[in-house]
Student: 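Mind looking over this structure? Questions follow.
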Number of protein chains: 2
Amino acid sequence: MDGTDIIERPNFCEACAIRNRAICADLDNQEIDLLNKIGRRRQLQVGEQLLWEGDEAVLVANVVEGVLKLSTATADGREQIVGLVYSSDFVGRPFSETTPYGVEALTDATVCVFRRKDFDRFALDHPRLANKLLERTLTELDRSRRWILLLGKLNAEERVASFLIEVGRRLEVDVDQPANLSGRSEFSLPLSRQQIADILGLTIETVSRQFTRFKKDGIIQMPTSRTIIVPDIKALINRAG
Amino acid sequence: MDGTDIIERPNFCEACAIRNRAICADLDNQEIDLLNKIGRRRQLQVGEQLLWEGDEAVLVANVVEGVLKLSTATADGREQIVGLVYSSDFVGRPFSETTPYGVEALTDATVCVFRRKDFDRFALDHPRLANKLLERTLTELDRSRRWILLLGKLNAEERVASFLIEVGRRLEVDVDQPANLSGRSEFSLPLSRQQIADILGLTIETVSRQFTRFKKDGIIQMPTSRTIIVPDIKALINRAG
DNA sequence: CGATAAATTGAGGACAATCAAAGAGTGTGG
DNA sequence: CCACACTCTTTGATTGTCCTCAATTTATCG
């Protein structure tokens, strides 16, 4: 390394926590350097919005840390959350002029953002990235179809139980506690009751009542309204239909 | 062409109706020939099943003609239709060992099937195909998220209206009647009332009652139970929320 | 034409929504 | 540090939409 080698833009990828899990996993070092040039890190605070529904699709991003929600609204303003993205997930709409949903941080978050057009071009030039994105998109489509089943056929109790199982699982992928094996699980909800309702197609009151029921039945404990302890996952799974 | 050039397998792609709309659109002639070698045409009759939920994912396919449904069921047998695929759409689950939903023909149909593993390999070797598939998958994900909005937030009337608009639009892409401009639309439903109910997360009776209501209000006409005439799309859109 | 399935219509009931109020948690300023 | 305001959550009472059950009508097909 000599004096001309001035670091203008730090290569975040090198020490990136999701380097081997996100869509960049299959890229070689040279490709990573290129990708690093067109991307940049950005911090988001709780409630901060990254994209607005219907806007021009200017950005796409990898989630490095934190949880974000994707949401759409009806003409008269009813909001539905249509997806949650976690650490190592991809967010945004490549190859389209407009963003079909808004994206907002549910927790403080770190994302790795790209100008959508830069990203589109990079994806077209780098099949390894495109393939990873394809696999992720297919998985996300499977997930959203399971959500369609939930909304179409499950009752309130089954929905809330399914939601807790899903969120618990997705949050614990990072934590990887050996405790998982015991069937016990503890996690912090990244959503308010209103947001949970907007995911499950229920009202805030119905969600609250289901939580209370689960507590009374000993299926969950709730030291605070956002801390969930599931002593025995099986019991919860039984309620999920 | 000499005597050694025996045509063992007709090249269906050459005269394929969806050659320029399906995921093979961007392939050159050489690539098409290769793809043609690993694929074959198959006819499906109404009600015939192409894939079973939970089975090993052996096949993927392009829909040449007809409409198919994708469905999942809850543990206790409640069925939810999670997607419809039309002419030029892709169906199946690449890059996965199991099929997350069943696929069944709603009309007589023609599909262009591939062994999943052959297709996976081809996609990895041919970025132009992979990119087309990616775009389609992203579009399908957008669609399924709009469906989540429908199931989460719309009431029965809005759901049925939205459904009619969506089906009408997707069927008429092929027909391309100039009549579309007039705001008038006529089409044949490829689904029974039960199937419509299983898409909309409603019961057969509720669907029927909504149809009757729309008829009485002059928003649709129904010469037969599967023929829908929408004199003025705007009126229907108003009911869709 | 008769048999079977699909669709419609009606009556009553259940589950979740709505409306209303109290309780718990959080943050601010005196 | 505590009082006050504000938001979020919980709980209760009532309403309404859609489901369930049942019967009839219409369509489909041998």
Side-chain angles (χ1 to χ4, degrees), chain A residues 45-47 69 74 76-81 106-108 150-164 188-217 220-228 239 241, chain B residues 45-47 69 74 76-81 106-108 150-164 188-217 220-228 239 241:
Chain A
Q45 297 196 302
V46 193
K69 67 167 195 185
T74 58
D76 61 335
R78 287 168 280 176
E79 186 188 344
Q80 173 72 34
I81 296 180
L106 292 176
T107 65
D108 289 343
L150 177 142
L151 292 171
K153 285 288 179 301
L154 304 194
N155 64 26
E157 180 179 50
E158 293 166 329
R159 290 183 199 194
V160 173
S162 300
F163 166 78
L164 288 175
S188 180
L189 286 175
L191 309 104
S192 68
R193 294 290 182 274
Q194 182 61 61
Q195 289 165 337
I196 295 172
D198 288 338
I199 287 184
L200 297 177
L202 300 170
T203 59
I204 192 175
E205 295 94 333
T206 299
V207 172
S208 181
R209 278 185 250 270
Q210 294 303 329
F211 275 123
T212 307
R213 174 101 61 90
F214 286 155
K215 260 194 306 189
K216 279 181 184 156
D217 295 355
I220 63 169
Q221 293 154 30
M222 253 194 346
T224 77
S225 71
R226 286 196 175 214
T227 309
I228 302 290
R239 302 288 182 109
Chain B
Q45 297 195 302
V46 193
K69 68 166 194 187
T74 58
D76 60 336
R78 289 168 280 176
E79 186 189 346
Q80 174 72 34
I81 296 180
L106 292 176
T107 65
D108 288 344
L150 176 143
L151 292 171
K153 283 290 179 303
L154 303 193
N155 63 26
E157 179 179 50
E158 294 166 330
R159 290 183 199 192
V160 174
S162 300
F163 166 78
L164 289 175
S188 181
L189 287 175
L191 310 102
S192 68
R193 294 289 183 273
Q194 182 61 61
Q195 289 165 337
I196 295 172
D198 288 338
I199 286 183
L200 297 177
L202 301 171
T203 58
I204 193 175
E205 296 93 336
T206 299
V207 171
S208 182
R209 279 185 250 269
Q210 294 302 331
F211 275 123
T212 307
R213 173 100 62 91
F214 286 156
K215 261 195 304 188
K216 280 183 183 153
D217 294 355
I220 63 169
Q221 293 153 31
M222 253 191 350
T224 78
S225 71
R226 285 193 177 216
T227 309
I228 302 289
R239 303 287 183 111

Student: Please identify each residue that fulfils side chain to side chain contact (heavy atoms under 4.5 Å, CB included) with A/S192, with sequence neighbours left out.
Tutor: A/Q194, A/Q195, A/R226
Student: Please enumerate all residues that pass side chain to side chain contact (heavy atoms under 4.5 Å, CB included) together with B/T74, with sequence neighbours excluded.
Tutor: A/L149, A/K153, A/L154, B/D76, B/R78
Student: Excluding sequence neighbours, so at least two apart, what forms side-chain hydrogen bond (donor to acceptor under 3.5 Å, both in side chains) with A/T227?
Tutor: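 So A/T227 forms a side-chain hydrogen bond (donor to acceptor under 3.5 Å, both in side chains) with A/T224.
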Student: Do any pairs count as a salt bridge (Lys or Arg N to Asp or Glu O under 4.0 Å) and have a residue in residues 201-212 of chain A, sequence neighbours left out, and if so which ones?
Tutor: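 Residue pairs passing salt bridge (Lys or Arg N to Asp or Glu O under 4.0 Å), neighbours aside: none found.
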Student: Which residues pass the side chain to side chain contact (heavy atoms under 4.5 Å, CB included) test with B/R193, sequence neighbours left out?
Tutor: B/L189, B/I196, B/I204, B/V207, B/F211, B/M222, B/S225
Student: How would you list, by chain and number, every residue that makes a side-chain hydrogen bond (donor to acceptor under 3.5 Å, both in side chains) with B/T206, sequence neighbours excluded?
Tutor: B/T203
Student: Would you say B/T203 places a side-chain N or O within less than 4.0 Å of OP1 or OP2 belonging to D/dC18?
Tutor: no
Student: Is there any protein nitrogen or oxygen under 3.5 Å from a nitrogen or oxygen in nucleotides 21-26 of chain D, and what are the pairs?
Tutor:
from, atom 1, to, atom 2, distance (Å)
D/dC21, N4, B/E205, OE2, 3.0

Student: Who are the side chain to side chain contact (heavy atoms under 4.5 Å, CB included) partners of B/E157, not counting sequence neighbours?
Tutor: B/N155, B/Q210, B/R213, B/F214, B/R239
Student: What's the angle between the local helix axes at either end of the helix from C/dC1-D/dG30 to C/dG30-D/dC1, using five pairs per end and rounding to 10 degrees?
Tutor: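 Comparing the first five pairs with the last five, the axes sit 40° apart.
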Student: All N/O contacts under 3.5 Å from nucleotides 4-6 of chain C to the protein, with atom names and distances to one decimal?
Tutor:
none

Student: From the set D/dT11, D/dC18, C/dT8, return the single nucleotide nearest to any side-chain atom of A/S208.
Tutor: D/dT11
